[in-house]
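Along the sequence shown, residues are numbered consecutively beginning with 1. None of these values were measured; they are calculated from a predicted model.
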Amino acid sequence: MELSDLKSNLYAGRKKESVELFISALDSGMDVIELYKLFSKILNEWECDYELDPLCIWKEHVMSSIVRTCIECAYPYVIKAEAPDTGLTCAIFCPQEEEHELGLRMSEDIFTLNGIKTVFAGKEVPLETFKEAIKAEKFDMVSISITNHYNLVYLCKFIEELKRYSPKTKVIASGRACVKNPEYTKKCGVDFLFADFDELAKFLKDLRGSK
């Protein structure tokens, strides 16, 4: 599959053609993570003049919707290729007021491929809701993503509450705001910060090897 073909169809909002290309690539044996890296590259290269083009946000939402459909179509391929169960669990979510969950959803499949049971709670998870979840389930890891810098304030609060109820749970962070502020994430108590899918895949592979 050519990157240019997928990009042109996504940018044009052609759902059927984009999904067909994606599934064809999976059927031909292309690695799921490699396809997700293509999606990330395409979405990061998206350019639109938001002041001159009133449809920029609309187009961006349509594109994201198509990518989400492709991700869900990949799930049967993910579970077919997943590694043996490690016995580890991971809660995956974005904090309150954080809506950028697409990259996090793709990362969920990387956890699954590495034999880690995931619970994906999605975007805008309130702190109080998270506290109740931690009380009910002692996750081995939590993976939190923050893209908007204004939402970084929630990172320390979430980790503080996490450690109160589950002190041994490891914290994995991602998202542009976290990646751009590594010292802040470290101060909050993040155990591992990843900037791309390759870094996460290597971390989880090493973790799996130590089990």
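Judged purely by atom type and a 3.5 angstrom limit, Glu60 has no side-chain atom pairing as donor or acceptor with the backbone of Cys56. No donor-acceptor pair under 3.5 Å is formed between the side chain of Ser174 and the backbone N or O of Ser145. Not one N or O on the side chain of Ser166 forms a donor-acceptor pair closer than 3.5 Å with the backbone of Lys163. Using modelled atom types, no side-chain atom of Glu161 and backbone atom of Lys131 make a donor-acceptor pair closer than 3.5 Å.
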As a quick check of understanding, evaluate side-chain contact (heavy atoms from CB on, under 4.5 Å) for Arg176 and Ile146, giving each step before the final call. CA-CA 7 Å; Arg176 185 167 58 244; Ile146 302 175; over 6 Å; no
Worked check of side-chain contact (heavy atoms from CB on, under 4.5 Å) between Cys90 and Ile92: CA-CA 6 Å; Cys90 183; Ile92 303 175; 3.9 Å; yes
Trace of the side-chain contact (heavy atoms from CB on, under 4.5 Å) decision for Phe39 with Leu6: CA-CA 9 Å; Phe39 276 140; Leu6 185 58; 3.8 Å; yes
Trace of the side-chain contact (heavy atoms from CB on, under 4.5 Å) decision for Ile42 with Tyr11: CA-CA 9 Å; Ile42 290 169; Tyr11 284 0; 3.6 Å; yes
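Among the candidates Glu98, Gln96, Glu97, the single residue satisfying the side-chain contact (heavy atoms from CB on, under 4.5 Å) test with Cys94 is Glu98.
Taking the six-membered ring for Trp and the full ring otherwise, the centers of Phe194 and Phe203 sit at least 6.0 Å from each other. Note: Phe120 and Phe93 fail the aromatic proximity criterion, with ring centroids not under 6.0 Å apart.
In this structure, Lys186 does not pair ionically with Glu183, as no charged nitrogen and carboxylate oxygen lie closer than 4.0 Å. With respect to the salt-bridge test (charged N to carboxylate O, under 4.0 angstrom), the residues Asp206 and Lys202 qualify. No salt bridge links Lys168 with Asp140; every basic N to acidic carboxylate O contact stays at or beyond 4.0 Å. For Arg164 and Glu160, the salt-bridge test passes: some basic side-chain N is under 4.0 Å from an acidic carboxylate O. Salt bridge annotation for Lys16-Glu20: present, with a cationic side-chain nitrogen under 4.0 angstrom from a carboxylate oxygen. Classification of Glu34 and Lys37 as a salt-bridged pair holds, one side-chain N sitting under 4.0 Å from a carboxylate O.
Under a hydrophobic-cluster definition in which Ile, Leu, Val, Met, Phe, Trp and Tyr are linked whenever side-chain heavy atoms come within less than 4.5 Å, directly or via other members, Ile134 and Val119 are assigned to the same cluster.
Within a 6.0 Å radius of CH2 in Trp46, other residues, nucleotides and ligands contribute more than 12 heavy atoms.
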